[in-house]
Amino acid sequence: MKKIIYTLLTFHAAVFASAQVADTLKISRPEAEAMFLERNLDLITQKLEISQAEAQVVQARYWPNPTVSVSEVNLWRTYDIEEQPALIGNWGRSSQISAEIEQVIQTAGKRRKNIELQQIEVDGKKYELQEVFRELKKRLRNTLTEIRYQQEVQNLYKDQIASITRLTASYKNQLDSGNISKAEYIRLRAQEVEFRKKLVSLQQEVEELQTELKSLLILPAASHIVITDTLVPPYKEYSELNLSQWMNEAKENRPDLLLAQNNQKSALKNLEIQNAMKTPDLTISIGYDRGGNIMKDFVGLGISFDLPIFDRNKGNIQEARIEVDKSGFETRKSLIRSQNEMASAFQNYVRTRKIAEELDDDYENTLDSLLISHEKNFRLRNISMLEYMDFLETFIDNKIIILDTKKELNEYFENLQYAVGKDL
């Protein structure tokens with residue numbers, strides 16, 4: 001019975017493991033970005049908002065519909081009525097009818113100005129798309145960097161677990177042979193357990209990052225993403241001259257500044273429209289009257305318009321002028337904020353790059369060589385367990401420092417690109 005249960009458990013474990021492998025998705029950073037551009041729902045939604053704004057431009061081009069009215073139709077015959085020719089068949093000899101068609105003519109260029117305002121709104125939606133893309137791209141790239149960093153830290157601990165497991169097995173044989181004390185074996189075993197616990201903790205931490213990335217790429221919840229690229233720092237040289245140039249180009253690169261400028265244009269155009277609203281629209285009409293005048297069939301022209309005596313749209317004009325001033329201040333504030341962001345991101349990147357340059361490949365290779373040497377000497381009992389454990393701790397700490405520096409340099413570089421408003 002125990003054998004059957006063991007077989008079933010082994011089978012289910014194998015099925016679960018194969019399912020995990022099947023759900024693992026290995027992608028590179030360029031592949032992740034391509035998938036993001038194609039599938040991200042926030043970008044798709046923002047593009048639809050552009051289409052909605054374009055539809056409003058189409059709507060603004062239409063003239064107001066004419067109005068047709070029919071009145072003064074009598075449904076019964078009255079006394080002392082003058083006979084008239086029939087309208088339909090024999091009906092209409094004693095009927096009166098009046099009809100009128102009216103068309104509103106917008107004055108002072110209101111229709112043209114409204115079309116221009118709607119076109120500005122389209123431009124605003126395009127800048128909003130660029131801003132959403134800029135925000136999401138930064139989140140995506142920093143998430144990819146963080147996941148790759150976590151993978152490499154996990155690999156670091158996996159390598160040490162594999163190494164210390166071999167040592168533990170060797171020491172178990174030495175313990176059984178009576179060559180070492182039990183305390184030495186327990187110390188080594190405790191280190192192995194500590195590494196395994198740390199690895200589990202790292203695996204749990206990466207789950208939140210996996211959730212973020214799967215949301216950005218619109219992937220199933222069961223997926224597990226593995227980033228295939230190595231964590232390579234972007235060694236790119238920039239100077240204060242570049243920073244000055246970026247600040248000058250900010251108005252053309254950063255979508256938040258373009259959006260602020262577009263809001264200012266929208267406020268100015270709205271002020272034009274509110275000023276135009278002072279001029280009343282004209283209503284042109286053509287009327288037909290049968291049997292209600294001295295003429296049997298009367299056709300007349302008419303015109304009507306509001307007299308701008310009481311309402312000169314002053315309140316709306318004043319509000320529009322204030323909005324122009326507000327949008328100007330908002331544009332100025334956005335520009336100052338962008339320059340401060342660029343300066344801060346630039347300094348963070350330069351400082352971190354200097355640290356990364358000191359941690360070159362030779363230093364990392366030296367660490368790896370020293371670890372192999374210490375492990376060999378520990379096996380041969382040329383060094384004590386305390387010496388080996390001290391160096392192992394130093395090795396892991398320095399490896400993590402190197403990975404931290406690479407990660408931070410990638411993140412600061414991405415923050416710099418975000419602040420500048422374009423890929424560098």
Side-chain angles (χ1 to χ4, degrees), residues 42-67 102-136 247-284 303-341 421-422:
D42 289 321
L43 295 181
I44 294 174
T45 301
Q46 200 64 44
K47 290 175 183 177
L48 291 177
E49 290 190 11
I50 294 176
S51 299
Q52 287 179 313
E54 290 173 340
Q56 289 302 311
V57 176
V58 174
Q59 182 63 37
R61 295 183 186 279
Y62 292 114
W63 286 82
N65 286 328
T67 301
E102 296 179 339
Q103 176 64 55
V104 175
I105 306 297
Q106 292 179 317
T107 59
K110 297 188 187 75
R111 175 173 167 274
R112 173 182 55 79
K113 290 180 174 69
N114 191 49
I115 293 172
E116 292 170 350
L117 178 62
Q118 294 303 321
Q119 187 59 58
I120 292 173
E121 293 296 321
V122 172
D123 295 336
K125 291 300 180 181
K126 290 179 180 178
Y127 296 139
E128 286 179 11
L129 171 62
Q130 294 176 24
E131 178 64 9
V132 169
F133 175 66
R134 186 174 73 116
E135 294 280 350
L136 292 179
M247 287 184 176
N248 292 330
E249 296 174 350
K251 293 181 181 180
E252 300 175 2
N253 293 331
R254 283 188 51 138
D256 58 334
L257 293 182
L258 294 173
L259 184 58
Q261 294 167 21
N262 195 74
N263 289 340
Q264 193 171 8
K265 288 172 59 179
S266 178
L268 287 169
K269 186 57 63 177
N270 182 57
L271 177 59
E272 289 183 24
I273 292 175
Q274 296 306 322
N275 277 316
M277 294 293 289
K278 293 187 300 184
T279 305
D281 294 335
L282 299 177
T283 301
I284 307 297
I303 184 171
S304 65
F305 54 88
D306 294 336
L307 293 177
I309 298 174
F310 303 110
D311 184 3
R312 297 279 294 170
N313 206 37
K314 290 183 178 180
N316 290 332
I317 293 172
Q318 183 178 358
E319 182 186 10
R321 283 175 179 161
I322 295 173
E323 187 63 32
V324 170
D325 294 337
K326 281 176 56 181
S327 61
F329 291 132
E330 287 293 332
T331 301
R332 184 181 174 187
K333 184 177 73 173
S334 298
L335 180 60
I336 294 172
R337 184 179 65 245
S338 70
Q339 291 174 341
N340 290 329
E341 288 177 357
K422 65 177 182 179

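Throughout, residue positions are numbered sequentially from 1 according to the sequence presented.
- One distance of note links CG of L282 with OG of S304; it measures 8.0 Å at 0.5 Å rounding.
- One distance of note links CD1 of I273 with CG of N316; it measures 11.5 Å at 0.5 Å rounding.
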Show the numbers, then the answer: is there a side-chain contact (heavy atoms from CB on, under 4.5 Å) between Y127 and L129?
-> CA-CA 5 Å; Y127 296 139; L129 171 62; over 6 Å; no
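- Between R337 and D256 there is a side-chain heavy-atom pair separated by less than 4.5 Å.
- In this structure, N313 contributes its side chain and Q274 its backbone to a donor-acceptor pair below 3.5 Å.
- For the pair I105 and T283, the minimum side-chain heavy-atom distance is 4.5 Å or more.
- Looking only at side-chain heavy atoms (C-beta outward), K278 and I317 come within less than 4.5 Å of each other.
- Rounding to the nearest 0.5 Å gives a distance of 13.5 Å between CZ of R134 and NZ of K422.
- Of the possible polar contacts, one joining the K110 side chain to the T279 backbone as a donor-acceptor pair under 3.5 Å is found.
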What's the verdict on side-chain contact (heavy atoms from CB on, under 4.5 Å) for D123 and Q119, showing C-alpha distance, side-chain angles and the deciding distance?
-> CA-CA 6 Å; D123 295 336; Q119 187 59 58; 3.9 Å; yes
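- Residues V122 and K126 are in side-chain contact: their nearest non-hydrogen atoms beyond the backbone lie under 4.5 Å apart.
- Expressed to the nearest 0.5 Å, how far CG of N263 lies from CG of L258 amounts to 11.0 Å.
- Residues S334 and A260 come closest through the heavy atom pair OG-CB, 4.1 Å.
- By the 4.0 Å N-to-carboxylate-O rule, K113 lies too far from E116 to be salt-bridged with it.
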Run the side-chain contact (heavy atoms from CB on, under 4.5 Å) check on L335 and Q339 step by step: do they pass?
-> CA-CA 6 Å; L335 180 60; Q339 291 174 341; 4.1 Å; yes
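- Two residues are said to be in side-chain contact when any heavy atoms from C-beta on lie closer than 4.5 Å; R61 and V57 meet this criterion.
- No donor-acceptor pair under 3.5 Å is formed between the side chain of E131 and the backbone N or O of R254.
- Taking each heavy atom of A60 and N114 in turn, the nearest pair found is CB-ND2, 3.7 Å.
- Looking at E121 and K125, no side-chain N of the basic residue comes within less than 4.0 Å of a carboxylate O on the acidic one, giving no salt bridge.
- Around CD of Q318, the count of heavy atoms belonging to other residues, nucleotides or ligands within 6.0 Å does not exceed 12.
- For the pair Q106 and W63, the tightest heavy-atom approach, listed with the atom from each and the gap, is N-CZ3, 4.4 Å.
- Without hydrogens or angle criteria, T67 side chain to E102 main chain gives no donor-acceptor distance under 3.5 Å.
- Enclosure of atom CD in E135 by more than 12 non-hydrogen atoms of other residues, nucleotides or ligands within 6.0 angstrom is indicated.
- For the atom pair NZ of K333 and OG of S338, the computed distance is 12.5 Å after rounding to the nearest 0.5 Å.
- Panel note: side chain N262, backbone I120; a donor-acceptor pair is recorded below 3.5 Å.
- Atom OG in S327 sits 12.0 Å away from atom CD1 in I322 (nearest 0.5 Å).
- The shortest non-hydrogen separation linking G328 to Q264 is CA-NE2, 3.6 Å.
- For T107 (side chain) and P280 (main-chain N/O), a donor-acceptor pair under 3.5 Å exists by modelled atom type.
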